[in-house]
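Chain identifiers are assigned alphabetically (A, B, ...) following the order of the sequence lines, protein sequences preceding nucleic acid strands; residue numbering begins at 1 within each chain.
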4 protein chains.
Amino acid sequence: MPSLEKPTKPAVSLKERQREERARLILEAAQTILLERGYHETSIDDIASQVGIAKGTVYLHFPSKEDLMIALVEGQLQNFVQVIEEVAASTCSARERLEAILRRTYDPSEARRMQIFLEVFGSADMRSRFAEKHERTQPIIDHARTLLRAIIEQGKAQGEFDQHISTKVMIVMYLNLLSPRNYHHLTTDQTVAFEELLPQIIQIFFHGISRKQA
Amino acid sequence: MPSLEKPTKPAVSLKERQREERARLILEAAQTILLERGYHETSIDDIASQVGIAKGTVYLHFPSKEDLMIALVEGQLQNFVQVIEEVAASTCSARERLEAILRRTYDPSEARRMQIFLEVFGSADMRSRFAEKHERTQPIIDHARTLLRAIIEQGKAQGEFDQHISTKVMIVMYLNLLSPRNYHHLTTDQTVAFEELLPQIIQIFFHGISRKQA
Amino acid sequence: MPSLEKPTKPAVSLKERQREERARLILEAAQTILLERGYHETSIDDIASQVGIAKGTVYLHFPSKEDLMIALVEGQLQNFVQVIEEVAASTCSARERLEAILRRTYDPSEARRMQIFLEVFGSADMRSRFAEKHERTQPIIDHARTLLRAIIEQGKAQGEFDQHISTKVMIVMYLNLLSPRNYHHLTTDQTVAFEELLPQIIQIFFHGISRKQA
Amino acid sequence: MPSLEKPTKPAVSLKERQREERARLILEAAQTILLERGYHETSIDDIASQVGIAKGTVYLHFPSKEDLMIALVEGQLQNFVQVIEEVAASTCSARERLEAILRRTYDPSEARRMQIFLEVFGSADMRSRFAEKHERTQPIIDHARTLLRAIIEQGKAQGEFDQHISTKVMIVMYLNLLSPRNYHHLTTDQTVAFEELLPQIIQIFFHGISRKQA
DNA sequence: CATGAATGAGTATTCATTCAT
DNA sequence: TATGAATGAATACTCATTCAT
């Protein structure tokens with residue numbers, strides 16, 4: 001019977017799990033409000049009351065508003081890297097792999113998880129605020145870029161992509177496609193459904209970078 | 001008597017001109033600092049002292065910090081529309097016209113004039129702040145989109161662009177290209193010079209949307 | 001059966017002793033940290049972790065931070081009174097007895113035990129905080145003063161001290177000598193060692209109050 | 001007539017005078033409340049409403065609560081040094097000069113001006129808070145000590161004071177006498193009037209350090 | 001009893017905005 | 001008109017205290 005032993009370990013892990021759960025709830029609330037209102041318009045009180053806890057409790061999990069923000073971005077960045085890693089391991093063609101990443105990024109159930117991270121780099125406020133504390137995130141970003149670079153260069157080598165276009169530019173443009181935010185710019189009048197948006201974007205991008213049939 | 005000639009009109013107009021000049025100086029200073037530091041990190045005092053006037057004077061021209069910001073964006077938006085209008089009137093091919101707009105947007109001497117406008121829509125802070133006061137900018141944006149739509153549809157009609165891709169998507173993606181900011185995302189290590197960036201972006205985009213040679 | 005011997009009393013007393021021991025440990029830790037950092041810079045957490053217990057446990061012994069402080073001061077005050085009482089009982093001359101008290105107060109091994117008490121009265125923060133809860137300490141202080149008064153008046157009666165100087169003033173000045181803190185004022189550059197400081201202070205004070213040889 | 005010239009200088013100086021007046025009022029209020037309640041128990045709001053101004057206005061004059069405190073202490077320190085300097089210049093005997101300083105320090109109209117400065121060095125909180133920002137005050141203190149040293153050493157040379165007692169110890173003890181605060185320790189029961197206190201203190205101290213008539 | 005997570009009152013500080021000069 | 005001193009609402013953060021486990 002497993003009840004023979006009553007180890008203290010699970011207890012510790014329980015507290016730890018509760019703690020992480022709490023942190024996760026805070027991050028989630030923070031994400032929702034931050035996306036809606038932005039960093040400066042969101043107070044710690046707002047976040048706390050969204051979670052249904054007291055202001056002080058937020059500080060038990062994150063030493064400062066900024067650190068909360070950074071944790072949020074870092075988590076999403078890691079999510080993103082994980083998606084790339086999973087896809088990178090497959091044996092499909094380069095295009096298929098890049099498409100897969102795009103699809104997972106646009107997948108509504110995933111999308112929310114990455115918005116802040118994508119948002120952060122789009123705001124002067126945020127970027128300058130981040131610049132200093134980037135040390136930890138930079139290596140993760142570098143890793144992501146390395147993986148993408150490998151995929152794209154395979155695609156070039158296999159004749160899928162145009163070798164005259166710099167890999168760097170492809171990466172940048174590809175990453176641009178990843179920000180669903182960009183597609184709200186001037187489409188608040190929801191006349192293009194997301195379901196039709198993605199295939200067309202894919203079409204433009206991959207046709208755009210495909211090897212020209214001279 | 002000096003009242004022989006109608007002195008009021010010119011006087012008013014002079015004052016008015018001076019007034020506008022003042023407002024322009026403030027907007028210019030605001031633009032510079034806002035781009036550098038972001039909305040919240042920029043105080044009215046910062047802007048005033050950049051212009052060399054007192055804080056209170058800013059309020060003689062703009063009723064609030066937010067209105068200053070909105071005036072700034074509106075001005076840039078109008079700039080942008082003007083560029084589109086100028087180009088739209090030409091008789092070049094659709095692609096040539098769209099390329100011309102891109103080039104003027106990327107042109108360093110013009111670029112600064114549009115960055116805030118482009119930046120604003122990339123920050124949750126800004127967007128939510130704007131949402132309410134959009135009434136005035138929305139018609140301008142609609143006008144721009146109408147002009148672009150016309151060009152693109154000409155391009156489709158003339159067989160330049162792929163008719164299977166929705167015009168809306170093309171517009172959105174095209175507007176995305178316009179934000180130089182996007183190309184800083186992960187290119188802080190200046191390995192892709194801007195001069196080579198633009199032609200490649202153009203290449204990808206226009207090849208991407210070009211009619212397929214079945 | 002273990003109930004043969006009356007186990008309750010010793011058990012309670014053991015618990016009580018443990019309880020008091022705990023309280024003593026807390027007071028000791030509090031003293032160390034409070035002296036180093038001051039009342040406001042010391043958190044209950046600091047004290048608890050210095051003792052190696054949890055924050056809540058401190059509250060099982062002292063109803064508030066302030067009460068902890070008061071208990072500390074009261075204990076030290078009692079210490080001080082005890083020193084006076086021990087010395088007062090001796091048969092030496094008045095001057096020898098007052099000197100003995102001074103020496104024991106300055107004795108490094110004792111000194112720490114009284115610093116907080118002396119410190120408290122030197123800080124406006126502390127005094128105002130104390131003012132209300134003085135009721136309990138006041139009688140102890142009165143007792144100390146009575147003892148000192150007796151010694152001094154003996155000294156006067158025996159011709160040791162100048163009868164023209166008020167006993168009250170002598171007491172006040174004498175108590176002033178007791179605060180080693182005072183001698184840090186401007187001697188941070190440690191050029192006067194404590195060992196030479198005390199004899200000279202004694203010399204000045206007792207010569208100062210000695211009967212004048214007309 | 002002096003009204004012939006309407007110089008702008010006086011206007012500037014008026015503003016400047018108003019500004020200084022305001023700062024003085026703040027310092028005065030701060031002093032009163034700080035002495036009563038101590039640093040931590042005094043909020044900027046308390047000070048502001050004591051002066052009858054808004055919180056923000058305090059910050060127009062002092063960049064932080066701490067700086068306000070430092071300004072206060074520094075001002076009082078300078079007051080003290082000025083007293084010493086004035087007295088030091090006289091040609092009286094050493095004792096007379098030291099007595100003069102004591103009297104001026106105890107003079108009720110002056111006393112309030114120095115209490116904070118004397119208080120600060122009596123609180124662990126304050127001292128540690130000050131330690132860092134002492135750079136500016138240290139030279140002033142050193143100057144004061146140099147002046148006092150000179151007087152005392154003259155006294156020794158002239159046979160007024162006992163040469164066997166270290167000048168440093170005399171200075172320290174003398175400075176101790178200067179803190180009226182010390183004489184409240186245990187004399188809240190106003191049985192010794194200040195008028196009789198001072199002469200007796202003087203008597204003890206100067207008899208204490210006087211050359212012994214072997 | 002002991003714990004330490006949760007609380008929320010309290011505070012320093014900032015800055016857009018106003019208005020007397 | 002221009003100024004900039006004054007204002008006070010807003011907000012991040014701390015920490016004594018409580019209480020469920």
If each of A:Ile53 and B:Pro63 is mapped to the nucleotide of DNA chain E with the nearest heavy atom, which maps nearer the 5' terminus, i.e. the 5' end?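 The answer here is A:Ile53.
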Which residue, B:Ser43 or A:His61, contacts DNA chain E at a nucleotide closer to its 5' end, judged by nearest heavy atom?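 Counting from the 5' end, the first nearest nucleotide belongs to A:His61.
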Does E:dA5 have a Watson-Crick or wobble mate here (both distances under 3.5 Å), and if so which one?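 Base partner found: F:dT18.
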Whole-Å distance separating the [atom1] atom of [X] from the [atom2] atom of [N]:
{"X": "D:Asp46", "N": "E:dT13", "atom1": "CG", "atom2": "P", "value": "14 Å"}
{"X": "C:Tyr59", "N": "E:dA2", "atom1": "OH", "atom2": "C1'", "value": "15 Å"}
{"X": "D:Ile26", "N": "E:dA12", "atom1": "CD1", "atom2": "P", "value": "15 Å"}
{"X": "D:Glu21", "N": "F:dA6", "atom1": "CD", "atom2": "C1'", "value": "16 Å"}
{"X": "B:Glu20", "N": "F:dT1", "atom1": "CD", "atom2": "P", "value": "13 Å"}
{"X": "C:Lys55", "N": "F:dT17", "atom1": "NZ", "atom2": "P", "value": "11 Å"}
{"X": "D:Arg37", "N": "E:dG10", "atom1": "CZ", "atom2": "P", "value": "14 Å"}
{"X": "D:Glu41", "N": "F:dC15", "atom1": "CD", "atom2": "P", "value": "14 Å"}

Using a heavy-atom cut-off of 4.0 Å across all strands, would you classify D:Leu60 as base, sugar-phosphate, or nothing?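 Since a base atom lies under 4.0 Å of D:Leu60, the category is base.
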At under 4.0 Å between heavy atoms, what does C:Thr42 touch on the DNA or RNA strands: base, sugar-phosphate, or nothing?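 Sugar-phosphate, no base atom in range.
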Quick one: pull up CD1 in A:Ile33 and CD1 in A:Ile44 and give me the separation to the nearest 0.5 Å.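 Interatomic distance, A:Ile33 CD1 to A:Ile44 CD1, rounded to 0.5 Å: 10.0 Å.
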Check whether any side-chain heavy atom of [X] sits under 4.5 Å from a side-chain heavy atom of [Y], and report yes or no.
{"X": "B:Thr57", "Y": "B:Val51", "answer": "no"}
{"X": "A:Leu60", "Y": "A:Arg22", "answer": "no"}
{"X": "D:Met69", "Y": "D:Phe62", "answer": "no"}

Of the listed nucleotides (F:dA12, E:dA16, F:dT3), which one gets closest to any side-chain atom of B:Ala54?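 Minimum distance to the B:Ala54 side chain belongs to F:dT3.
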Choosing from F:dA12, E:dT13, F:dT3, which nucleotide comes nearest the side chain of D:Ser64?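 For the D:Ser64 side chain, the nearest candidate turns out to be E:dT13.
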Does the side chain of [X] get closer than 4.0 angstrom to OP1 or OP2 of [N] through an N or O atom?
{"X": "A:His40", "N": "F:dT11", "answer": "no"}
{"X": "A:Arg19", "N": "E:dG4", "answer": "no"}
{"X": "B:Arg22", "N": "F:dT1", "answer": "no"}
{"X": "C:Thr57", "N": "E:dT3", "answer": "yes"}

Please figure out whether A:Ile44 or D:Gly56 has its closest DNA chain F nucleotide nearer the 5' end.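 Taking each residue's closest nucleotide, the earlier one in sequence belongs to D:Gly56.
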Salt-bridge contact C:Glu28-C:Arg24 (side-chain N to carboxylate O under 4.0 Å):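 Answer for the salt bridge query: yes.
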